[in-house]
Amino acid sequence: MTPEHSVSDSSDHDDHGHDHDHDHDHDHDHDHDHDHDHDHGHDSWLGRLQHMLPFSHSHAAEDKIDAALESSALGIWALKVSLVGLGVTAIFQLVIVFISGSTALLADTIHNFSDALTALPLWLAFALSRRAATRRYTYGYGRAEDLAGAVIVLMIFGSALVAGYESYQRLMHPEPMLQVGWVIAAALIGFIGNEAVAILRIRVGKTIGSAALIADGQHARVDGFTSLAVLIGALGSLAGFPLIDPIIGLLISLAILFIVKDAAVTMWHRLMDAVDPAVVAEIESTVGHVAGVEAIHAVRVRWVGHTLHAELHIIVDEDLPTRESHRIAEEVRHALFHAQPRLAVAEVHTDPCGHSGVDHHHLTAHHQTVRV
């Protein structure tokens with residue numbers, strides 16, 4: 001789905017009713033790798049990899065691939081790789097669980113399987129986001145990514161309950177750990193596999209602006225450290241303290257619950273259209289430097305999947321002709337698309353300054369509970 005860089009440009013003194021649908025081909029690539037919470041240029045390994053992939057972008061106008069489609073494709077690629085990586089890691093650990101009877105390793109293995117499976121709803125969401133908007137879903141399917149994030153939170157919570165129950169049972173009915181050496185090996189492999197997946201998911205998530213993919217990567221990172229906790233349990237068993245194993249399993253379950261809390265807060269912000277106030281401040285600063293803009297107000301910004309959508313009002317000289325007001329609005333959008341790499345939609349409404357003393361909003365004032 002090609003993001004439409006829309007503009008709602010109106011002037012109360014010269015509104016001739018034309019429905020402009022300008023789609024200027026400014027050869028902008030709104031998916032450059034410089035978001036607010038990360039720093040990786042095209043010289044990084046991820047940047048080089050992105051350019052080598054078949055869906056990598058080109059700056060040539062005739063070869064330019066839509067940024068939203070490209071970022072969704074990159075997200076799907078990351079999920080495929082992480083699904084395979086965590087799947088292999090979890091299967092290896094599961095074999096060692098049957099050999100050794102380690103409850104801590106069982107808890108870690110269950111968590112790794114759930115972490116691998118969280119890729120599936122997110123994969124579906126990325127695939128949906130590539131579909132074009134319809135007359136029913138007029139804004140497209142980007143919100144499916146945020147819903148997938150909520151599903152991920154529930155899956156993580158479920159894995160915490162299962163792991164906690166198994167650890168409690170083993171604490172009440174302890175059994176000796178077998179093949180401790182294999183448990184140690186499985187714990188180390190679990191750490192390496194999870195950390196590799198965490199790095200991939202977090203970096204790609206930051207590249208494309210996906211909160212759900214970043215949260216999933218953080219989940220994998222903590223899984224890696226819980227694998228090291230399994231190592232402690234195995235060493236404790238070797239030292240003659242078998243109860244350390246189920247105790248470590250319970251601690252892993254508690255660690256998962258903390259991950260649930262952090263992931264839930266992140267996804268709550270996305271579902272409630274929360275955005276970093278610094279983004280709003282940057283938009284206001286950018287627009288304020290555009291020639292012809294006397295003031296800016298009613299700035300609204302939200303994430304839809306991994307793209308930003310913004311709406312704002314600018315005040316211009318009321319004596320300007322409509323075409324000049326529209327030109328200023330286009331300059332505002334042009335500046336915003338360069339300043340905000342994740343921005344896909346910018347709705348700019350022009351208000352007359354009102355130096356004539358006429359209230360240009362009196363006709364609709366009684367319909368608004370909050371004046372914009």
Side-chain angles (χ1 to χ4, degrees), residues 1 3-8 26 28-41 46 66-68 70-72 74-75 125-126 129 139-140 142-150 201-218 262-290 293 295-315 328-351 370 372:
M1 177 182 67
E4 173 120 4
H5 297 158
S6 306
V7 58
S8 175
H26 292 302
H28 299 152
D29 186 356
H30 306 311
D31 198 28
H32 296 303
D33 299 336
H34 45 80
D35 206 350
H36 296 286
D37 52 358
H38 65 287
D39 183 15
H40 57 275
L46 186 62
D66 175 73
E70 177 185 334
S71 58
S72 294
L74 183 59
F126 279 129
S129 70
Y139 287 94
R143 189 65 76 188
E145 185 179 328
D146 301 323
L147 294 176
R201 287 181 176 177
I202 291 173
R203 289 193 179 183
V204 173
K206 288 182 176 181
T207 298
I208 67 177
S210 172
L213 190 55
I214 292 172
D216 217 15
Q218 292 169 338
D262 293 339
V265 169
T266 298
M267 297 319 305
W268 168 262
H269 287 163
R270 284 297 175 97
L271 291 172
M272 292 299 295
D273 290 334
V275 70
D276 186 350
V279 174
V280 179
E282 288 177 11
I283 288 176
E284 291 173 337
S285 176
T286 299
V287 176
H289 286 85
V290 175
V293 175
I296 176 176
H297 64 110
V299 178
R300 296 184 177 90
V301 190
R302 63 177 177 176
W303 286 96
V304 178
H306 50 268
T307 60
L308 279 172
H309 291 220
E311 303 174 28
L312 56 104
H313 288 226
I314 59 172
I315 295 177
I328 294 173
E330 281 293 279
E331 289 291 341
V332 166
R333 295 173 62 249
H334 185 208
L336 287 175
F337 289 137
H338 279 288
Q340 298 293 327
R342 300 270 71 80
L343 188 63
V345 175
E347 297 283 352
V348 181
H349 178 86
T350 58
D351 290 330
V370 178
V372 296

- Message: Go through it in stages, so that I can follow the logic: the residues are I283 and V280, the test is side chain to side chain contact (heavy atoms under 4.5 Å, CB included), and I'd like the CA-CA distance, side-chain angles, deciding distance and then a yes or no.
- Response: CA-CA 5 Å; I283 288 176; V280 179; 5.7 Å; no
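D351 places none of its side-chain heavy atoms less than 4.5 Å from the side chain of I314. Using a 4.5 Å heavy-atom threshold, the side chains of V345 and E347 count as touching. Q340 places a side-chain heavy atom less than 4.5 Å from the side chain of L308. I214 places none of its side-chain heavy atoms less than 4.5 Å from the side chain of R201. Between I296 and H313 the shortest side-chain heavy-atom distance does not fall below 4.5 Å. Residues V287 and L336 are in side-chain contact: their nearest non-hydrogen atoms beyond the backbone lie under 4.5 Å apart. Looking at heavy atoms from C-beta onward, T350 lies out of side-chain contact with I328 at the 4.5 angstrom threshold. Considering only heavy atoms from C-beta on, I208 comes within 4.5 Å of F126 through its side chain.
Summarising the geometry, atom CZ belonging to R143 is positioned 12.0 Å from atom CH2 belonging to W303; distances are rounded to the nearest 0.5 Å. Taken to the nearest 0.5 Å, the CE atom of M272 stands 13.0 Å off from the CE atom of M267. Atom OG1 of T307 is separated from atom CG of L343 by 8.5 Å, given to the nearest 0.5 angstrom.
For the pair S285 (side chain) and A281 (backbone), a donor-acceptor distance under 3.5 Å is absent. A donor-acceptor pair under 3.5 Å links the side-chain atoms of T266 to the main chain of D262, judged by distance alone.
Counting all heavy atoms, side chain and backbone alike, A212 lies closest to G149 at CB-CA, 4.0 Å.
Aromatic pair H309/Y139: centroids not less than 6.0 angstrom apart.
Here D146 does not pair with R302 in a salt bridge; the nearest charged N to carboxylate O distance is not below 4.0 Å.
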